[in-house]
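What follows is a set of notes on a single structure, which appears directly below.
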Amino acid sequence: MPFEMSPFCCWGLPAALLALLFCPGSGEAAFEVYASPEQLVVKHGASSEINCSTSCLQPTISGLETTLSKTLLDKQPQWERYRVSNVSNSTVVYCHFTCSGKQMLRNVSVTVFHPPEQVLLKLQPTWVTVGNAFTIECSVPAVAPLENLTLTLLRGQEPLHMHTFVGATAAPQEARITHNSTAHKEDGRHNFSCRAELDLRPRGGGLIRRTSEPQVLEIHEPMPDNQMVIIIAVVSVLLLLFVASVLLCFVFGQQWHQRRRGNYGVQAAWRRLRRSYRA
Ligand SMILES: *[C@@H]1O[C@H](CO)[C@@H](O)[C@H](O)[C@H]1NC(C)=O
Ligand SMILES: *[C@@H]1O[C@H](CO)[C@@H](O)[C@H](O)[C@H]1NC(C)=O
Ligand SMILES: *[C@@H]1O[C@H](CO)[C@@H](O)[C@H](O)[C@H]1NC(C)=O
């Protein structure tokens, strides 16, 4: 065993060093290609600029490989700046430089987004009694990429419900959420709204935020309703009692009159009878 190991321990390291010094590829590979920005986020149909650069002092061939329509804006030996325009689909573009016969690439992902142009909020019904159910619906037409979208339903400044999406396709889609809630007394004191946030920061872009028009939920409280019923009942009973007493008075009054007239009649007849007897 020690005899077998000896050639490696004696010759392995110098051989590797020699290979590093004289291998023809190792020296030329020591150049880099850069792209700025490293990722592109472009609004659908818009254009963007990209700067390809290299550490190679004298690149022989250079360019931007893409299917997008491109314009060379400016060029120096170690960098070139392009504009890519009418970007309609997410894609990848490549900056390339060739230095001493060796080509290096740098790929740049291009994400196309459709911003939330409209955020539509709908309360159903818009008029609800405390304790009853109502629905908050928020929709954003034609937005992409859906997986970067968050919809938040707000009551005043307070978030009620939040939803993120799992986007399967890169094509713009309608984002829609529905949230069922129960009406509270304080719901009538705040505006409802829906906030759409397209967060393109993980892809090298910014945060696009848009909020719907505020909507008011008309809250109907059942308490005054009960009071009304009680008031109407009391008034009805009082009215009934009044009418009944008036009727009773009338009836009793009639009877009393009749009785009195009846008595007079009897007395008069008695008097007449006594007079005729005396006569
Ligand atoms: C392009 O990038 C290189 C390297 O970062 C930089 O020196 C050069 O100024 C940039 N060009 C433009 C037009 O921004
Ligand atoms: C932009 O691209 C669309 C389809 O990708 C094409 O129909 C349209 O003509 C292009 N517009 C320009 C100005 O190049
Ligand atoms: C609700 O929104 C309307 C219209 O924007 C506004 O006039 C009103 O002051 C808001 N109410 C509250 C409680 O924020």
Side-chain angles (χ1 to χ4, degrees), residues 29-42 46-66 68-85 87 92-100 102-110 116-130 134-140 151-162 179 181-197 204-206 209-221:
F31 80 97
E32 290 286 342
V33 172
Y34 310 98
S36 173
E38 291 175 345
Q39 292 174 300
L40 273 187
V41 179
V42 191
S47 62
S48 187
E49 291 184 8
I50 183 165
N51 182 356
C52 298
S53 57
T54 181
S55 61
C56 177
L57 295 173
Q58 296 275 294
T60 49
I61 307 166
S62 59
L64 181 72
E65 195 58 46
T66 177
L68 300 170
S69 52
K70 62 180 180 188
T71 318
L72 180 63
L73 298 174
D74 203 355
K75 186 176 158 66
Q76 291 288 311
Q78 281 188 286
W79 59 263
E80 37 200 54
R81 195 166 181 84
Y82 290 91
R83 176 184 291 126
V84 287
S85 45
V87 185
V92 179
V93 300
Y94 303 90
C95 289
H96 66 85
F97 286 91
T98 303
C99 196
S100 308
K102 189 167 168 56
Q103 191 189 53
M104 292 281 280
L105 293 173
R106 171 73 57 181
N107 54 3
V108 179
S109 68
V110 181
E117 303 277 12
Q118 277 180 301
V119 184
L120 307 166
L121 181 71
K122 201 163 135 192
L123 298 176
Q124 229 171 3
T126 54
W127 190 95
V128 67
T129 309
V130 169
F134 70 102
T135 304
I136 314 167
E137 190 184 286
C138 179
S139 64
V140 183
L151 292 186
T152 310
L153 299 175
L154 299 153
R155 186 184 66 182
Q157 296 300 313
E158 174 203 351
L160 285 180
H161 181 68
M162 199 179 241
H179 179 66
S181 190
T182 306
H184 294 94
K185 202 172 155 186
E186 59 271 23
D187 284 342
R189 285 196 281 269
H190 302 281
N191 280 329
F192 284 86
S193 60
C194 178
R195 186 171 64 207
E197 283 172 312
R209 183 180 280 167
R210 188 172 278 267
T211 307
S212 70
E213 288 285 317
Q215 299 275 319
V216 181
L217 184 67
E218 264 184 64
I219 293 290
H220 192 67
E221 289 180 42

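Whatever order the structure lists ligands and atoms in, that order sets their numbers, starting from 1.
Counting only heavy atoms of the protein, atom 4 (C) of ligand 3 lies nearest to Pro214 CG, 4.0 Å. Among all protein heavy atoms, the one lying closest to atom 12 (C) of ligand 3 is Asn191 ND2, 3.3 Å. The single protein non-hydrogen atom nearest to atom 13 (C) of ligand 3 is Arg189 O, 3.4 Å, given as residue, atom name and distance. With respect to atom 11 (N) of ligand 1, the closest heavy atom belonging to the protein is Asn51 ND2, 2.9 Å.
Between His179 and His161, the ring planes lie parallel to each other; the angle is under 30°, not in the 30° to 60° tilted range.
Glu80 and Tyr82 share a side-chain donor-acceptor pair at under 3.5 Å.
Assignment of Glu213 to the shell around ligand 3 is not supported, since no heavy atom sits closer than 4.0 Å.
No side-chain donor-acceptor contact under 3.5 Å links His220 to the backbone of Glu218.
Nearest approach of Glu49 to Leu40, heavy atoms of both residues: O-CD2, 3.8 Å.
The local environment of NZ in Lys122 is sparse, with at most 12 non-hydrogen atoms from other residues, nucleotides or ligands closer than 6.0 Å.
Looking at Arg106 and Glu32, a side-chain N of the basic residue comes within less than 4.0 Å of a carboxylate O on the acidic one, giving a salt bridge.
For atom 7 (O) of ligand 3, the nearest protein heavy atom is 4.0 Å or more away.
Here is the list of ligand 1 atoms found below 4.0 Å of a heavy atom in Ser53: 4 (C).
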